[in-house]
Amino acid sequence: KFTDLFEKMVPMAVQQSVSAANSRKAETVNRLIGSMREATNLCNGVLASLNLPAALEDLSGDAVPQSILEKSRALIQQGGLQSIEQLIKDLPELLQRNREILDESLKMLDDEEATDNELRGKFNQRWNRTPSGDLYKPLRAEGNNFRNILDKAVQADQVVRERYTAHCEMIALLCKPENELSAAIPSANPAKTLQGSEVVNVLRSQLAQLDEVKREREVLEGEVKSVTFDLTAKFLTALAQDGAINEEVMTSSELDARYGSHNQRVQQNLRRQEELLSQIQVSHQEFSALKQSNSEANTREDVLKKLASAHDSYIEISSNIKEGTKFYNDLTEILLKFQNKCSDIVFARKTERDELLKELQQS
Amino acid sequence: SLYPSLEDLKVDKVIR
């Protein structure tokens, strides 16, 4: 039942090329997915600013438009304001735990260095081992890097908190039960001319097409994420045949082959959205002209727009918090490994110190 | 993404 433990072992050049190829792949994937998500955010933002689709549903001027009700139910189902409130409260604790691990690790190094220096001061040339300060330079540099990362995380926490503060009032309103939500939205006289008018039908159709474009992106995202490839074999062959690996060229060519069609479909999709959004804006202008605009209608519309935005903000804040929580948890694992490195080296130095002391006392 | 990336740090590059 022999298993080759070294089956996955490859020459250093291949290892480095595979690592570089994976970075390029991740960059490509992130770029594609990033541009799709950005397009969805843009789309949602534009629609919210036009009070769409709520304006098309709001024929009574009184009941909560269906799309707003759906947004409300979606947030309530995700735990409403309380769930993000709680998670935001947890962030400082997660930060603190990470700081403590880092601080303890660096203190171990500081304490051992202080003792080492003390003994060097006492024994001078006879204390002839490398100073701890020199040995610990790389670890301290790593520790410094971790500090910078934590500083950036603190800033990110602040951004999340500010987003929350800016939107919590509207989010709270959107999370209220239907009757309270309805009561909080000012009434307006319904625009009777809206029903059956052509522009309403045109807008509805354009919005439906836009939904389709958004759904297509979800599918595309899944497909992009599911692409896998492994260039190890190709790199091994190149190294054996040519003595060198032209990683950039080989990876670019593989990426083109694997993601070329996805890239095209993404670009097509984004162009389609752009077209639809400008068509919608033209239709919306016609639509606005049709409506009886009075101050009650405008006030009502303002509130509906804010409620639609509140939904998008909630989704964004939720996602930010999830990202932050994962970040801190992942960082803890990494810092614990760092802590082990520090305690290992300090333990070795202590053992060495005790032996040196014994020798010096004997001599 | 709002938070810094930990990708570089996840791989322990030091070969002892």
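Just so we're on the same page: letters track the sequence lines, and every chain starts at 1. Fair warning: this is a prediction, and the values are worked out from it, not measured in the lab.
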[X], part contacting chain B, at a heavy-atom distance under 4.5 Å:
X	result
A/I149	both
A/D157	both
A/R37	neither

- [ ] Just do the side chain to side chain donor-acceptor pair (under 3.5 Å) check on A/D110 and A/Y136 with the steps written out, would you?
- [x] CA-CA 9 Å; A/D110 291 345; A/Y136 296 162; over 6 Å; no

Open item on the list: Checking A/E85 now: which residues fulfil side-chain hydrogen bond (donor to acceptor under 3.5 Å, both in side chains) with it, not counting sequence neighbours?
Closed with: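 Counting only residues at least two positions away or on another chain, A/E85 forms a side-chain hydrogen bond (donor to acceptor under 3.5 Å, both in side chains) with A/Y164.
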
TODO: Tell me, for B/S1 versus chain A, whether the close heavy atoms (under 4.5 Å) come from the side chain, the backbone, both or neither.
DONE: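 Contact with chain A: backbone and side chain both.
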
Task: Rounded distance (nearest 0.5 Å) linking atom CZ of A/F338 with atom OG of A/S105 - done: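 Between atom CZ of A/F338 and atom OG of A/S105 there are 5.5 Å.
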
Open item on the list: Does either side chain, that of A/R349 or that of A/S132, offer a donor lying less than 3.5 Å from an acceptor on the other one?
Closed with: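 A donor-acceptor contact under 3.5 Å links the two side chains.
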
